[in-house]
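For reference, the structure is listed below as structure tokens.
Note that this is a predicted model, so its numbers are computed, not measured. In what follows, every chain begins at residue 1, and chains take the letters A, B, ... in the order their sequences are listed.
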2 protein chains.
Amino acid sequence: MKHSSEKHLAQHGIHPTAMRLLVLEYLLDNRTAASLGQLEREFYRSDKATLYRTLKTFEKKGLIHGVNVGGTTVYLLCRENCSEEGHFDVHPHFFCTGCAKTICLSQAKMPRFDLPEGFDLHEVNLILKGRCDECAG
Amino acid sequence: MKHSSEKHLAQHGIHPTAMRLLVLEYLLDNRTAASLGQLEREFYRSDKATLYRTLKTFEKKGLIHGVNVGGTTVYLLCRENCSEEGHFDVHPHFFCTGCAKTICLSQAKMPRFDLPEGFDLHEVNLILKGRCDECAG
DNA sequence: TTTGACGATGCAACCCGGTTGCAAAGTCAA
DNA sequence: TTGACTTTGCAACCGGGTTGCATCGTCAAA
Ligand SMILES: [Mn+2]
Ligand SMILES: [Mn+2]
Ligand SMILES: [Zn+2]
Ligand SMILES: [Zn+2]
């Protein structure tokens with residue numbers, strides 16, 4: 001359904017090129033996080049730099065957000081009204097050590113934190129690691 | 001106070017070499033996290049691989065624990081009875097984007113998390129980012 | 001229709017943190 | 001003194017990420 005992903009890009013002010021549509025549709029289909037490396041493997045005829053810039057563009061425009069999972073960054077579709085102005089879908093992420101998939105825990109509440117006096121909090125990075133329902137048991 | 005750091009190493013079953021004592025004392029003095037890169041700069045006449053193995057040995061023996069802060073790993077002294085058996089001083093860490101220092105938030109309680117049914121939690125990684133009291137204001 | 005500006009792409013090279021193989025040097029006890 | 005075992009130094013490597021630069025495609029002004 002190319003038309004809907006074109007709209008998706010347009011809504012975030014991203015010019016819809018072939019590559020961008022492919023990457024977006026890949027993210028939409030898989031419903032799981034993707035790293036630059038995964039995209040390289042998936043779109044092996046494309047170039048690493050192009051994929052890299054595609055991700056960076058998507059992220060800047062508020063279409064996806066990156067999560068650093070022990071060394072590599074994976075990217076997930078934003079769930080709220082993220083835009084160039086900023087990302088507002090702050091939530092924990094779960095990384096399965098079995099299948100290496102990362103999923104958003106959108107429903108989980110981000111806990112409050114008490115910092116020492118004078119400290120200024122800008123960002124919270126919360127990664128839970130373990131095994132997903134398919135890999136556990 | 002070389003004698004006390006020698007004991008410190010001995011308590012964790014680590015043979016006290018010159019390099020190990022230097023690294024441990026550096027960690028004790030600075031009371032802040034150190035990355036491999038920082039150690040390389042501090043002990044520029046030593047070798048990267050040696051420092052790397054020193055950190056790995058310390059970590060395995062429960063003397064320090066590593067925290068991944070956006071791409072690089074920093075190491076901090078353990079606060080509890082960590083040993084080869086495992087690390088038990090699980091707590092959030094604060095990374096200051098001003099001075100790039102990482103500190104343990106030992107006093108902060110690790111929050112509980114509700115995972116979806118069937119998920120198995122092994123590890124929680126919680127990094128707060130912002131500005132410390134010296135860099136804020 | 002031609003031209004030129006501008007953004008997107010491909011390619012190659014680079015950076016940097018981390019990691020490993022291997023040989024040399026050190027330690028220590030038989 | 002010898003030999004086993006550990007620690008160190010050096011060099012090379014790895015993988016993820018990033019950038020400079022030339023080329024290509026698109027589109028609108030001339
Ligand atoms: Mn977002
Ligand atoms: Mn510990
Ligand atoms: Zn899994
Ligand atoms: Zn600071």
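Per the geometry, CG belonging to L51(B) stands 16 Å off P belonging to dT20(C), to the nearest Å. One interatomic measurement links the two molecules: CG of N68(B) to P of dG17(D), which rounds to 12 Å at whole-angstrom precision. For the pair E40(B) CD and dG9(D) P, the computed distance is 13 Å after rounding to whole Å. Following rounding to the nearest Å, D47(B) (CG) and dG21(C) (P) show an atom-to-atom distance of 16 Å. The separation between K56(B) atom NZ and dT8(D) atom C1' is 18 Å, rounded to whole Å.
Nearest nucleotide to the Y52(A) side chain, out of dG17(D), dT19(C), dA8(C): dG17(D). Checked against dG16(D), dT20(C), dT9(C), the side chain of K48(A) finds its nearest nucleotide in dG16(D). Closest approach to the H15(A) side chain among dG9(D), dT7(D), dA8(C) is made by dA8(C) (side chain taken as heavy atoms from C-beta onward). Candidate nucleotides dT7(D), dG18(C), dT18(D) were compared by shortest atom distance to the side chain of R20(B), and dT7(D) ranks first.
Within the structure, every side-chain polar atom (N or O) of R53(B) is placed at least 4.0 Å from both OP1 and OP2 of dT8(D). In this structure, S46(A) reaches the dG10(C) phosphate: one of its side-chain N or O atoms is under 4.0 Å from OP1 or OP2. Dashed line: the shortest gap from a side-chain N or O of T17(B) to OP1 or OP2 of dT8(D) is under 4.0 Å. Within the structure, a side-chain polar atom (N or O) of T50(A) is placed less than 4.0 Å from OP1 or OP2 of dG10(C). Contact check, T73(B) against dG18(C): a side-chain N or O comes under 4.0 Å of OP1 or OP2.
Under the 3.5 Å distance criterion, the side-chain polar atoms of H91(B) are matched with a main-chain donor or acceptor of D89(B). In this structure, the side chain of D47(B) engages the main chain of A49(B) through a donor-acceptor pair within 3.5 Å. A donor-acceptor pair is defined here as one N or O able to donate and one able to accept, closer than 3.5 Å; no such pair exists between the side chain of E25(B) and the backbone of L22(B).
Summarising the local packing, NZ of K129(A) is surrounded by more than 12 heavy atoms from other residues, nucleotides or ligands at distances under 6.0 Å.
Judged by closest nucleotide on DNA chain C, R45(A) is the one of V74(B) and R45(A) placed further toward the 5' end.
The aromatic ring centroids of F119(A) and F94(B) lie less than 6.0 Å from each other.
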